[in-house]
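Structure record follows, encoded as structure tokens.
Not measured: the values here are computed from a predicted model.
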Amino acid sequence: MQNPLLEQSPLPRFPDIRVEHVTPAIESLLAENRAEVARLAEDASTPTWQGFAHPLEGVSDRLRRAWGLVSHLNAVMNSPELREVYNENLSRVTAYYTEMGQNEALFAKYKALAASPGFSQLSAARRKVIENEVRDFRLSGAELPPAQKERYRQISERLAALSSRFSDNVLDATNAFSHHVDARAGLAGLPEDAIEAAAEAARSEGQTGYRFTLQAPSFQPVMQYADDRVLRETLYRAFVTRASEFGREDWDNSGLIVEILALRHELAQLLGFADFAGLSLAAKMAESPTQVDEFLGELAAKARPFALRDLAELQTFAREHLGLAELQAWDMMYASEKLRDERYAFSDNDVKQYFPETQVLPGMFRLVETIYGLMITEREAPKWHADVRFYEVANAAGEPIGHFYLDLYARASKRGGAWMDDAIARRRRASGLQLPVAYLTCNFPAPVTRPDGTVRPALFTHDDVVTLFHEFGHGLHHLLTEIDELFVSGINGVEWDAVELPSQFMENFCWEWDVLKHLTRHVDTGAPMPRALFDCMLAAKNFQSGLQTLRQVEFSLFDMRIHSGATASAGTSAQAVLDQVRREVSVLTPPEFNRFAHGFSHIFSGGYAAGYYSYKWAEVLSADAYSLFEERGVLNPEIGARFRDEVLARGGSRPALESFVKFRGREPRIDALLRHNGMSETAAA
């Protein structure tokens with residue numbers, strides 16, 4: 001049987017993929033690719049799109065698909081055997097991409113294409129591909145002398161290995177911890193579904209009582225609802241010290257952080273940049289670290305008065321109603337939930353009963369079908385786990401335009417968080433159009449099988465629903481593209497600080513009654529959510545938005561500072577930088593033992609290095625884009641078609657700012673973001 005990783009079938013054959021397939025497939029693809037690249041590089045004819053760029057795209061696509069499959073499985077079905085073979089081949093793949101990025105013959109051909117008389121006759125998408133490639137060859141060290149090219153290669157391979165190790169350490173440290181509670185009496189305050197899940201977790205380990213872990217569906221309810229302060233502190237300490245010097249030495253990310261930052265700085269200087277932040281921003285919308293710092297500083301200044309008010313209210317409430325003379329970090333979510341319940345007469349647990357997965361998914365699909373003229377249908381396909389589902393996306397005429405997998409539940413073999421990734425990108429092949437396929441991955445609580453054998457469907461908090469909409473927004477960006485050139489179709493080629501625009505845009509619909517009412521049905525009674533409860537949720541929408549905004553600014557500034565200026569060149573410790581940022585912008589300082597950076601996978605292993613600010617940057621774009629729906633009707637198919645055509649369909653074929661202006665009719669403004677977060681001048685008054 002042929003190696004399933006080498007097949008170019010419309011969908012991957014997940015059940016047939018084995019660990020032993022990985023190395024032969026990658027070695028075969030790398031050999032084939034190098035032979036084809038050598039042929040293209042040595043071709044003496046004048047480079048053209050069809051004769052040079054298009055075949056090079058095909059070479060890239062085969063490797064992207066195969067290695068993407070391996071990377072995906074390593075993230076969602078991690079095992080010691082797969083991890084070993086993944087890391088073994090990671091160095092090979094990284095070396096290949098470095099070699100490609102420094103190939104002077106290919107670089108020369110792209111420059112010749114850009115300077116050719118026929119360049120202006122190419123489509124906008126093809127011109128953008130060529131311009132991006134010329135830029136990226138320079139950023140990959142194609143113009144460096146031989147000795148520096150070799151050093152670039154060494155650094156790239158080492159950084160890839162370190163990033164993978166960082167992620168592995170976080171996963172291992174997360175999975176290693178569990179806390180057992182013998183008696184139900186120790187679980188006062190916890191919702192019934194969280195208690196049921198803990199009991200099932202204990203039974204799965206052959207235990208009685210209740211088992212809690214650091215995976216989000218187990219950890220978060222304890223922090224939010226458990227009356228037992230010692231239980232909250234126990235889980236909090238374990239969570240914020242993961243992969244640090246407080247745990248197993250071989251899982252400690254301290255040394256990895258130091259080495260990653262030093263190597264990134266050295267890499268940037270090899271390419272002529274002052275620091276890694278400058279290198280990172282070379283392909284983003286933001287023009288300089290200073291501009292990002294000023295943007296974040298402005299946001300912090302506007303949020304700080306609201307954050308101070310939020311904190312003072314919480315401290316007073318905790319002291320007067322909860323008997324907590326001094327709020328500790330492990331009290332924050334608990335006290336906040338109690339205050340919200342007191343002020344708005346509802347809790348997250350009340351709301352969660354109205355969001356069974358069986359109602360949320362059809363409601364979300366109904367929304368996008370309405371505003372974008374789509375049809376979403378569940379289909380059968382090979383999967384990597386029994387919980388995974390597969391869907392077809394079709395246009396109004398019923399013609400398939402893409403597919404996506406949905407993997408919603410947390411499990412020990414899956415890394416934490418939520419994300420979208422591309423399985424297959426849209427492109428035009430000789431055999432026809434290759435349709436895009438996406439992975440949508442979350443870590444929500446799974447359905448619970450009770451002792452009597454009945455199954456309670458998965459229940460989502462409203463925050464979970466927002467997360468699901470966020471990732472589906474990324475998925476739609478990938479799936480609704482109308483661009484046929486691989487390197488700028490879907491999310492490819494989109495500036496990193498604009499890639500969050502479609503995802504954060506989708507979040508806004510989670511606060512619209514005409515959308516939300518179709519997502520709700522009480523898990524026990526089947527009744528829809530009462531409008532009065534939604535009105536309470538809406539009134540509480542910006543509850544503690546000042547604190548939340550400062551938290552995101554803190555993370556973003558920390559990321560930018562450790563990668564820029566004197567901090568980067570001096571090798572200042574990450575913890576010292578974080579402490580300084582907190583002194584500047586925060587109103588609440590975590591305990592000294594908190595090792596947030598050691599689990600900050602976004603920037604140390606997730607592609608957001610010197611780019612975490614993108615969430616707030618893109619939120620300006622998304623809020624302003626959504627304001628047009630607010631003006632014209634949130635379920636307006638005409639405005640939906642305009643957003644689809646000007647933003648989602650364009651992918652990376654033109655600058656993101658140009659796509660925004662085409663949709664909105666003007667440059668972005670921050671006003672809508674401040675209004676959405678309750679931090680406008682009116683709110684301040």
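- Sorted by first and then second residue, the side-chain hydrogen bond (donor to acceptor under 3.5 Å, both in side chains) pairs involving residues 312-328 (not counting sequence neighbours) are Glu313-Arg343.
- Applying the salt bridge (charged side-chain N to carboxylate O under 4.0 Å, His left out) rule to Lys541 yields no partners; only residues at least two apart in sequence or on another chain are considered.
- Taking the side chain to side chain contact (heavy atoms under 4.5 Å, CB included) definition, one finds that Ala446 meets it with Tyr409, sequence neighbours left out.
- To the nearest 0.5 angstrom, Leu547 atom CG is 10.5 Å from Arg304 atom CZ.
- For residues 545-555, the pairs satisfying salt bridge (charged side-chain N to carboxylate O under 4.0 Å, His left out) are Glu554-Arg582, with sequence neighbours left out.
- Residues satisfying the ring-ring contact (aromatic ring centres under 6.0 Å, His included) criterion with Phe534, sequence neighbours excluded, are Trp513.
- In the model, Thr461 has a side-chain atom that pairs as donor or acceptor with a side-chain atom of Asp464 under 3.5 Å.
- Partners of Lys302 under the side chain to side chain donor-acceptor pair (under 3.5 Å) rule, at least two apart in sequence or in another chain, do not exist in this structure.
- Qualifying ring-ring contact (aromatic ring centres under 6.0 Å, His included) partners for Phe346, counting only residues two or more places apart in sequence or in other chains: none.
- Residues Glu500 and Ser503 have side chains that bring a donor and an acceptor to within less than 3.5 angstrom of each other.
- Figure legend: cation-pi geometry between Arg340 and Phe543 absent, as NZ or CZ is not positioned both under 6.0 Å from the six-membered ring centre and within 45° of its axis.
- Take Phe660 and apply the ring-ring contact (aromatic ring centres under 6.0 Å, His included) test, not counting sequence neighbours, and it matches no residue.
- Checked against side chain to side chain donor-acceptor pair (under 3.5 Å), Thr441 has no partners two or more places apart in sequence or in another chain.
- In this structure Asp193 satisfies the salt bridge (charged side-chain N to carboxylate O under 4.0 Å, His left out) test together with Lys352, sequence neighbours excluded.
- The pair Glu592-Arg595 counts as a salt bridge, with a side-chain nitrogen and a carboxylate oxygen less than 4.0 angstrom apart.
- Take Phe558 and apply the ring-ring contact (aromatic ring centres under 6.0 Å, His included) test, not counting sequence neighbours, and it matches no residue.
- Remark: Arg669 pairs with no residue by the salt bridge (charged side-chain N to carboxylate O under 4.0 Å, His left out) rule, at least two apart or across chains.
- One finds the CZ atom of Arg242 at 10.0 Å from the CG atom of Asn175 (value rounded to the nearest 0.5 Å).
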